[in-house]
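Here is the structure we will look at.
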Amino acid sequence: MTNYQIESREWWVERWLELLDSYRFKKRLERARKYSMEGNVLSIEFKGAKVLAKVQGSEVDPYQVSLSLTPFSNEDWSYVIETMSEKAIYAAQLLAGEMPANIEEVFTANGLSLFPFTLSDIHSRCTCPDPANPCKHIGAVYYELGDRFSEDPFVLFQLRGRTKGQILDALRQVRARSVKDSGKRNNKENGKGSKKKAPKPKNTQTALNPELFWEYEEPLDSSLVAIPSGRSANASTPESKGILELLGNPPLPSHDAAMVRQALEQAYPIASQRAIATALNRETSSS
């Protein structure tokens with residue numbers, strides 16, 4: 001089942017499909033949707049920032065479809081990465097394979113648009129004899145890309161010239177540089193210079209204080225943060241259910257146990273995401 005058949009879709013998929021909804025030739029879109037639903041899109045692959053697809057039409061040999069957006073320049077991406085790194089929640093969500101809800105603000109703040117404004121901003125070609133653009137073969141690829149965006153939101157960034165690995169590596173480098181510079185400034189302001197910090201006494205015990213349960217004074221390396229696999233850490237994924245399945249149901253009446261279980265399934269992903277954001281913030285503030 002394709003994503004455009006599902007009532008609840010990710011916001012970035014909705015934005016992409018809104019481009020199709022704005023197309024005035026609805027009959028052609030219906031044929032394109034049918035092609036996608038019936039599996040006529042035989043393959044989709046990425047060659048750099050360009051999408052290459054094979055779509056089976058009425059002929060024996062499939063038609064070749066290419067699709068691309070205008071990629072951002074290296075300078076544009078430098079500004080975007082710098083802006084992303086200023087908010088730990090962006091880094092946390094992107095590291096977890098999620099698309100931040102307000103990620104578009106990062107691009108608009110730098111005079112850019114992640115999404116194309118109209119279909120005319122998408123460069124597409126098809127080897128079929130139909131002179132119209134988009135033809136039903138190109139339209140079918142549009143719908144299939146909606147599915148790809150749902151599975152991996154980083155595909156959107158790739159269409160603009162940066163892969164998932166390039167973005168995450170750049171984010172880590174910028175944050176590491178920021179932590180290093182922050183540490184140098186703090187040392188200079190405190191007049192520490194090359195003075196060594198006195199070692200903490202060993203084998204000391206402090207009274208337990210529940211209010212300090214979440215406190216941790218050591219900086220964390222964001223590259224070492226364990227991120228669950230999958231496109232998002234929601235309660236429906238096997239990764240997020242692992243802990244609850246291991247613990248089993250609470251020792252309560254069945255109705256109460258079900259309510260507690262449901263609440264925990266909602267709370268665990270939120271706690272995980274906030275923990276990552278807190279770790280990344282701690283990394284910046286503690287150094």
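Side-chain atoms are counted along with the backbone in the values below, which use heavy atoms only and exclude waters and symmetry mates.
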### Task
Given side chain to side chain contact (heavy atoms under 4.5 Å, CB included), test Asn74 with Arg162 step by step and report yes or no.
CA-CA 9 Å; Asn74 291 334; Arg162 285 293 183 275; 2.8 Å; yes

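- Here the CE-CD distance, from Met99 to Gln93, works out to 10.5 Å after rounding to the nearest 0.5 Å.
- The shortest distance between side-chain heavy atoms of Leu52 and Ser66 falls below 4.5 Å.
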### Message
Please evaluate residues Arg148 and Phe46 with respect to the criterion side chain to side chain contact (heavy atoms under 4.5 Å, CB included), reporting the C-alpha separation (whole Å), side-chain torsions for both, the decisive distance (0.1 Å), and the verdict.
### Response
CA-CA 11 Å; Arg148 294 297 181 95; Phe46 290 87; 4.2 Å; yes

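- Rounding to the nearest 0.5 Å gives a distance of 7.0 Å between CG of Leu159 and CG of Leu67.
- To the nearest 0.5 angstrom, Glu151 atom CD is 9.5 Å from Glu10 atom CD.
- Among all heavy-atom pairs drawn from Ala140 and Val41, the shortest one is CB-CG2, 3.7 Å.
- Put simply, the side chain of Ser124 reaches to within 4.5 Å of the side chain of Asn133, judged on heavy atoms.
- Atom CG of Leu156 sits about 5.5 Å away from atom CG of Leu114, to the nearest 0.5 Å.
- In the hydrophobic clustering of ILVMFWY residues, with side-chain heavy atoms under 4.5 Å counting as a link, Leu42 and Val51 come out apart.
- The distance from the OG atom of Ser150 to the CD atom of Glu14 is 10.5 Å, given to the nearest 0.5 Å.
- Counting heavy atoms from C-beta outward, Glu144 and Tyr35 have side chains that stay 4.5 Å or more apart.
- Aromatic ring orientation, Phe157 versus Phe107: parallel (interplanar angle below 30°, classes split at 30° and 60°).
- Between Phe149 and the choices Tyr143, Trp12, Trp16, the ring pair (Phe, Tyr, Trp, His ring centres under 6.0 Å) rule is met once, by Trp16.
- Taking all atoms of both residues into account, the shortest heavy-atom contact from Tyr142 to Pro134 is CE1-CB, 3.9 Å.
- Thr83 places none of its side-chain heavy atoms less than 4.5 Å from the side chain of Glu105.
- Between the side chain of Ser36 and the backbone N or O of Arg33, no donor-acceptor pair lies under 3.5 Å.
- Each of Leu112, Asn110, Ile81 was evaluated against Asp76; a single residue qualifies, Leu112, per the side-chain contact (heavy atoms from CB on, under 4.5 Å) test.
- Two different hydrophobic clusters hold Val174 and Tyr79 under the rule that ILVMFWY side chains link at heavy-atom gaps under 4.5 Å.
- Of all non-hydrogen atoms in Met84 and Val106, the two that sit nearest each other are CG-CG1, 3.8 Å.
- A 4.5 Å side-chain heavy-atom check between Trp11 and Ile103 finds at least one atom pair inside the cut-off.
- The minimum heavy-atom distance between Tyr63 and Cys126, with the atom names listed, is CB-SG, 3.9 Å.
- Residues Leu20 and Lys26 share a closest heavy-atom pair of O-NZ, 4.4 Å.
- With contacts defined as side-chain heavy-atom distances shorter than 4.5 Å, the pair Leu69/Arg160 qualifies.
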### Query
Step by step, would you call Phe154 with Leu168 a side chain to side chain contact (heavy atoms under 4.5 Å, CB included)?
CA-CA 10 Å; Phe154 283 91; Leu168 297 185; 4.2 Å; yes

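- Rounded to the nearest 0.5 Å, atoms CD (Gln64) and NE2 (His137) are 11.5 Å apart.
- When side chains are defined from C-beta on, Ile138 does not count as touching Ile122, because their heavy atoms never get closer than 4.5 Å.
- The two residues Ser68 and Ala49 make their nearest non-hydrogen contact at CB-O, 4.1 Å.
- Within 6.0 Å of CD in Glu75 there are 12 or fewer heavy atoms belonging to other residues, nucleotides or ligands.
- With hydrogens and angles disregarded, a donor-acceptor distance shorter than 3.5 Å links the side chain of Asn40 to the backbone of Gln56.
- Residues Glu104 and Phe115 have side chains in contact (heavy-atom distance under 4.5 Å, counting atoms from C-beta outward).
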